[in-house]
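Indexing begins at 1, ligand by ligand and atom by atom, following the structure's order. Remember, it's a predicted structure, so these values are computed and weren't measured experimentally.
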Amino acid sequence: MSRLIVISNRVSAPRGDSPSGAQGGLSVALAAALRDHRGLWFGWSGEKTDEFTGHIDLQRHDGVTTATIDLEEQDLDEYYNGYANRTLWPLFHYRIDLAEYDRSFAGGYERVNERFADTVAPLIEPDDLVWVHDYHLIPLGQQLRDRGLKNRIGFFLHIPWPPARLMVSLPFHEGLVLSMLAYDVIGFQTEEWLESFRHYVERELGGHGSDDGTIRVGDRSVHAAAYPIGIDFSEFVAAANSPEARAACARLKASADEKRAIIGVDRLDYSKGLEERFFGYRRFLEEHDDCRGQVFLLQIAPPSRGEVDTYEIIRERLDELSGRINGEFAEVDWVPIRYVNQGYPRAELAGFYRACPIALITPLRDGMNLVAKEYVAAQDPEDPGVLILSRFAGAALQLKDALLVNPYSKEEISDAIHNALKMPLEERIRRWRAMYECVKNEDVVAWRKGFVSAMQNCPTRETRAANEA
Ligand code: ADQ
């Protein structure tokens, strides 16, 4: 069997010394794939160095080999905090108002992708499957081809692909997208993002997409399809049944004191629609004064990307808004919003999900949203909670039995909370069962198997060239 080389911005393979379940589902799943296939996981170590040397730190933990490099401060400013998180992230989440276009960011992005290519290329053997992840590394496939790699190379985008009309606001967008045709397989989270990509290629590059998933521009072609990511279902259910989860559930229920908790869990990011969510909840409190004192919103939102200004701004706004809503509605024995800025181990999080009869997950735009799937997986089958989900999350295309809302509409959020509170047990069970089947069957194992087998089944560059000759 071919080896698998996974390349992502950060490497976070499970370590034997980390508390069980403390790592993200994606890292666990990719590590499992690497164990099945042998191979290695390459990326940035998370450390800075004064001068880039290309030194590779090779380590082995729990059957997974990791290969990491350190990056210079300028690399991180221009590539990670710059082009990736100030340019591509907002643009791909439809926020061109927040996207910053700076030549130095684009230069740093190119340079770091070249550095990745220079250091990883010598580690790759002719039969290896190479799987590149996410918006930090879009041009890496082309960089590897430029260094003579003929391997099958796949790319998976974890975030949305923007509509063509927004994509064209990116300077040199054609070059970035053309570089993607160096891959053999490109995966998107949903058909919607795939459709936007195909439309861009047809409109801006004069290419053509066929029904079999082949996208062609001139003599270059790539197989593009949707591979919706899932959670590590068995790991998460085990975490949800652990003593830590039970204790967390009991702790939250005791502190709720018969009030019904509405939970939101998100990285503190403007794409997650937190401000709009708070406004929607506020509208609910205004419209249903009989419910005041009966419910509370538990919003867990650990800060992320603190070095990017827009994240500081959203954090300040949320501090202010939660304080204002609490000041406006609180009673001596009731606070409407519990706003918590910290992360929790997965088992505790699973316990919190189970303790809350409603989840309010309302991103303005989200590639998938795994929190929604985790909430479903953690529920009590006899008395499951209600998921209120943004129709603009990739997950909404699979979890159709959630209460789907427009996250920009305060009224829709307010109505959905009210409907969730009133929903009869029978309906809750019916909706939850359908979502549970989907979360269970379309889990992260199915996702990575689907993607890896698409890579295995695509013809090599040589076969393709011979067929086309
Ligand atoms: P994210 O934007 O980070 O992921 P999401 O898919 O919801 O969003 O995943 C977040 C993960 O972090 C979940 O596993 C969640 O449990 C965990 N998490 C969040 N807050 C936490 C907290 N306070 N404590 C502990 N854990 C917490 C990106 C894309 C998504 C896409 C994923 C995977 O933006 O659209 O679904 O990648 O492809």
Side-chain angles (χ1 to χ4, degrees), residues 6 8-10 12 18-19 21-30 84-85 88-95 131-136 155-162 187-190 192-193 226-233 235-236 239-240 244-245 248 252 263-274 298-305 311 338-354 356 359-378 387 389-390 392-399 439 442-444 447-448 451:
V6 170
S8 59
N9 170 54
R10 284 295 298 274
S12 54
S18 70
Q23 265 146 340
L26 184 62
S27 110
V28 175
L30 287 176
N85 287 331
L88 295 182
W89 177 273
L91 168 64
F92 281 37
H93 287 86
Y94 297 40
R95 293 298 301 269
W131 189 5
V132 178
H133 288 262
D134 230 359
Y135 60 103
H136 315 86
F155 175 77
F156 185 78
L157 184 68
H158 289 257
I159 64 175
W161 183 271
F188 296 93
Q189 299 271 26
T190 69
E192 192 175 333
W193 320 136
Y227 301 91
I229 198 168
I231 61 168
D232 189 336
F233 181 80
E235 177 262 352
F236 200 80
E244 292 85 353
L252 183 53
I263 192 168
V265 174
D266 311 75
R267 271 185 315 100
L268 212 167
D269 191 297
Y270 49 82
S271 67
K272 303 293 182 184
L274 293 164
L298 169 63
Q299 178 61 57
I300 301 179
S304 65
R305 304 178 190 165
Y311 287 76
R338 297 186 190 179
Y339 179 43
V340 183
N341 286 140
Q342 72 175 63
Y344 288 93
R346 300 182 68 64
E348 268 187 70
L349 208 53
F352 296 154
Y353 291 139
R354 194 161 178 138
C356 297
L360 189 55
I361 318 253
T362 52
L364 304 180
R365 201 60 65 174
D366 214 332
M368 176 55 62
N369 194 295
L370 294 177
V371 170
K373 296 186 173 183
E374 291 169 356
Y375 178 76
V376 169
L387 172 64
L389 178 63
S390 161
F392 302 133
L397 279 94
Q398 291 175 298
L399 305 180
V439 171
E442 298 181 39
D443 70 347
V444 80
W447 168 75
R448 62 121 168 127
F451 194 92

Can you list the atoms of ligand 1 that are under 4.0 Å from a heavy atom of [X]?
{"X": "Val371", "answer": "7 (O), 15 (C)"}
{"X": "Gly343", "answer": "22 (C), 23 (N), 24 (N)"}
{"X": "Asn369", "answer": "6 (O), 7 (O), 35 (O), 36 (O)"}
{"X": "Arg267", "answer": "1 (P), 2 (O), 3 (O)"}
{"X": "Trp89", "answer": "34 (O)"}
{"X": "Arg346", "answer": "14 (O), 16 (O)"}
{"X": "Ile300", "answer": "23 (N)"}
{"X": "Leu349", "answer": "16 (O), 25 (C), 26 (N), 27 (C)"}

Query - Plane angle bin for Trp131 and Phe451 - parallel if under 30°, tilted between 30 and 60°, otherwise perpendicular - result: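 Parallel, since the angle between the ring planes stays under 30°.
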Query raised in the report: Is the closest N or O pair between Gly367 and ligand 1 shorter than 3.5 Å?
Result: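 For ligand 1, there is an N or O atom that lies under 3.5 Å from one belonging to Gly367.
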Requested in this report: Return a yes/no value for Asp266: is any of its N or O atoms, backbone included, closer than 3.5 angstrom to an N or O of ligand 1?
Outcome: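 It does not: no N or O of Asp266 is found under 3.5 Å from an N or O of ligand 1.
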**Report entry** Sidechain-backbone polar pair: Tyr375 side chain, Cys356 backbone, donor-acceptor under 3.5 Å
**Finding:**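 Between the backbone of Cys356 and the side chain of Tyr375 there is a qualifying donor-acceptor contact (under 3.5 Å).
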Query raised in the report: Any donor and acceptor pair, going by atom type alone, linking the side chain of Asn341 with main-chain N or O of Ala301 inside 3.5 Å?
Result: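 Answer holds: yes.
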Query raised in the report: Salt bridge check: are Lys373 and Glu442 linked by an N-O gap of less than 4.0 Å?
Result: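 Salt bridge: no.
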A side-chain contact here means heavy atoms from C-beta on lying under 4.5 Å apart; do [X] and [Y] qualify?
{"X": "Leu268", "Y": "Tyr311", "value": "no"}
{"X": "Trp161", "Y": "Phe92", "value": "yes"}
{"X": "Leu88", "Y": "Ile159", "value": "no"}

Query raised in the report: Phe156: what forms a ring-ring contact (aromatic ring centres under 6.0 Å, His included) with it, not counting sequence neighbours?
Result: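 If we apply the ring-ring contact (aromatic ring centres under 6.0 Å, His included) test to Phe156, skipping adjacent residues, the hits are His158, Trp447.
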Query - Shortest heavy-atom approach to atom 1 (P) of ligand 1 - which of Arg365, Lys272, Gln299, Met368 - result: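 Answer by nearest heavy atom: Lys272.
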Query - Residue selection (non-hydrogen contact nearest atom 19 (C) of ligand 1) among Ile229, Val265, Asp134 - result: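 Selected option, by shortest heavy-atom distance: Val265.
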Report task. Heavy-atom distances under 4.0 Å are what count here, so tell me which part of Gln342 touches ligand 1: side chain, backbone, both or neither. Result ->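 The backbone, only.
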Requested in this report: With sequence neighbours excluded, tell me which residues meet side chain to side chain donor-acceptor pair (under 3.5 Å) with Arg448.
Outcome: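 Arg448: side chain to side chain donor-acceptor pair (under 3.5 Å) contacts with Asp36.
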